[in-house]
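To keep things clear, I will list the structure first and then write my remarks on it.
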Amino acid sequence: MEREPQKIREGYLVKKVMFNKWTPMWVTLLEDGIEFYKKKTDNSPKGMIPLKGSVISNHCQDFGKRMFVFKLTTTKLQDHYFQASHQEERDAWVKDLKKASTCIENGQRFSRKSTRKSIRLPDTINLSQLYHSMKDPDRGIKDLNLEKDKKVFNHCFTGTCVVDWLVANHSVRNRQEGLMLASALLNEGHLQPAGDISKNAAQGLAETTLLDNSEALYYFPDSGFFCEENSSDDDALFKEEFRGNVVKQGCLLKQGHRRKNWKVRKFVLRDDPAYLHYYDPASVRGLNL
């Protein structure tokens, strides 16, 4: 019996369709191709793009006003354009697409395990269950807004925080085991690197894929993470509006100026003061409650 293709990554992206229109799609990356759906709840995809022989291009500059666009060119020389909501999301999609394409070419099965050495974990450890515990609003890892290299990284945490949490919750006996377990969570896609230090480690330029370091930043894939420049005093005043604790956050489709113009936006609801803000790849906007 033939094995079903493994689901590698999924989420909302904005896809270029006919007549130069861009439409939000729920996109699923499988081992052998990409399926895209009009809505997450749809059972049948609107289309499928095979990965075999495809070329994936990062930093696509074909559309000046659209940021974080990447391109996939099939063997039939058909170009497919996708737009992510921020740089880290685009880089994560491109990385998995390139790896999946290479696996097809070499006749291998896609795996997130370290290419340098396998991380062996006891059978009793359930990474998915551990991931959900780490995201618990009361007892999980608290996400922060951290400033580094004139950038503000929103809804993230440090590698040290991850290992601290694993040790404090008795998931491991010591920091060495915590670092091994945290690296396994990163390899399986439960954690994502943010910033050059953590990205370089994740790509194999350090002894472990995750760093027990207060300078290495990470985030949960569906946390509402985004990075913004901090280049002027005006920016600092603007960010002051986004104080308060995060009550709820996530992706929603928002109607634009035109009736049929719906776009994916990430919303964050805060308290003290009550404030709802949403953002797209090009800007951050706020709406007082």
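Side chains are part of it too, since the values below use all heavy atoms of this structure and drop only hydrogens, waters and symmetry mates.
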For the student: nearest non-hydrogen atoms of [X] and [Y], plus distance:
{"X": "Met134", "Y": "Val162", "result": "CE-CG1, 3.7 Å"}
{"X": "Val69", "Y": "Arg90", "result": "O-CD, 4.0 Å"}
{"X": "Arg139", "Y": "Trp165", "result": "O-NE1, 2.9 Å"}
{"X": "Ser214", "Y": "Thr160", "result": "N-OG1, 3.1 Å"}
{"X": "Leu210", "Y": "Leu186", "result": "N-CD2, 4.0 Å"}
{"X": "Pro193", "Y": "Ala202", "result": "CG-CB, 4.1 Å"}

Rounded to the nearest 0.5 Å, what separation is found between the [atom1] atom of [X] and the [atom2] atom of [Y]?
{"X": "His80", "Y": "Lys16", "atom1": "NE2", "atom2": "NZ", "value": "10.5 Å"}
{"X": "Lys199", "Y": "Ile197", "atom1": "NZ", "atom2": "CD1", "value": "12.0 Å"}
{"X": "Gln192", "Y": "Lys95", "atom1": "CD", "atom2": "NZ", "value": "8.0 Å"}
{"X": "Leu51", "Y": "Asp32", "atom1": "CG", "atom2": "CG", "value": "7.5 Å"}
{"X": "Lys52", "Y": "Cys103", "atom1": "NZ", "atom2": "SG", "value": "14.0 Å"}
{"X": "Asn154", "Y": "Asp143", "atom1": "CG", "atom2": "CG", "value": "9.5 Å"}

Return yes when atom [atom1] of [X] has more than 12 non-hydrogen atoms of other residues, nucleotides or ligands closer than 6.0 Å, and no otherwise.
{"X": "Asp196", "atom1": "CG", "result": "no"}
{"X": "Gln78", "atom1": "CD", "result": "yes"}
{"X": "Lys135", "atom1": "NZ", "result": "yes"}

Take Asp42 and Lys39 through the side chain to side chain contact (heavy atoms under 4.5 Å, CB included) test and state the conclusion after the steps. CA-CA 5 Å; Asp42 288 351; Lys39 295 183 295 184; 3.5 Å; yes
Okay, side chain of [X], backbone of [Y]: is any donor-acceptor separation there less than 3.5 Å?
{"X": "Ser198", "Y": "Ala194", "answer": "yes"}
{"X": "Thr74", "Y": "Ser54", "answer": "no"}
{"X": "Asn213", "Y": "Gly159", "answer": "no"}
{"X": "Gln83", "Y": "Met67", "answer": "yes"}

Taking side chain to side chain contact (heavy atoms under 4.5 Å, CB included) as the test, write out the residues that go with Asp138, two or more places apart. Asp136
Taking only residues at least two apart or on different chains, which pairs with a member in residues 170-180 satisfy side chain to side chain donor-acceptor pair (under 3.5 Å)?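 Listed by first then second residue: Asp164-Arg175, Arg173-Glu177, Arg175-Asp212.
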Cation-pi check for Phe82 against Lys15: NZ or CZ below 6.0 Å from the six-membered ring centre and within 45 degrees of the axis, yes or no? yes
Aromatic rings Tyr131 and His190: how do their planes relate, parallel, tilted or perpendicular, breaks at 30° and 60°? parallel
Could you label the plane-to-plane angle of the Phe70 and Trp93 rings as parallel, tilted or perpendicular, counting under 30° as parallel and over 60° as perpendicular?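 The rings of Phe70 and Trp93 lie parallel, inter-plane angle below 30°.
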Does [X] share a hydrophobic cluster with [Y], counting links as ILVMFWY side-chain heavy atoms below 4.5 Å and allowing steps through other members?
{"X": "Ile8", "Y": "Leu30", "result": "no"}
{"X": "Ile56", "Y": "Met48", "result": "no"}
{"X": "Val55", "Y": "Tyr81", "result": "no"}

Side-chain heavy atoms of [X] within contact of [Y], under 4.5 Å:
{"X": "Arg66", "Y": "Trp22", "answer": "yes"}
{"X": "Tyr37", "Y": "Thr28", "answer": "yes"}
{"X": "Tyr218", "Y": "Thr158", "answer": "no"}
{"X": "Asn145", "Y": "His155", "answer": "yes"}
{"X": "Val17", "Y": "Met25", "answer": "yes"}
{"X": "Leu146", "Y": "Val152", "answer": "no"}

Phe153 and Tyr219 aromatic centres sub-6.0 Å: no
Evaluate side chain to side chain contact (heavy atoms under 4.5 Å, CB included) for Tyr12 paired with Val27, printing each intermediate quantity in order. CA-CA 6 Å; Tyr12 274 109; Val27 183; over 6 Å; no
Kindly determine whether Leu29 and Lys7 satisfy side chain to side chain contact (heavy atoms under 4.5 Å, CB included), including the steps that lead there. CA-CA 6 Å; Leu29 170 60; Lys7 187 184 293 185; over 6 Å; no
Mind running side chain to side chain contact (heavy atoms under 4.5 Å, CB included) on Lys38 and Thr23 for me, showing each step along the way? CA-CA 9 Å; Lys38 189 174 181 180; Thr23 304; over 6 Å; no
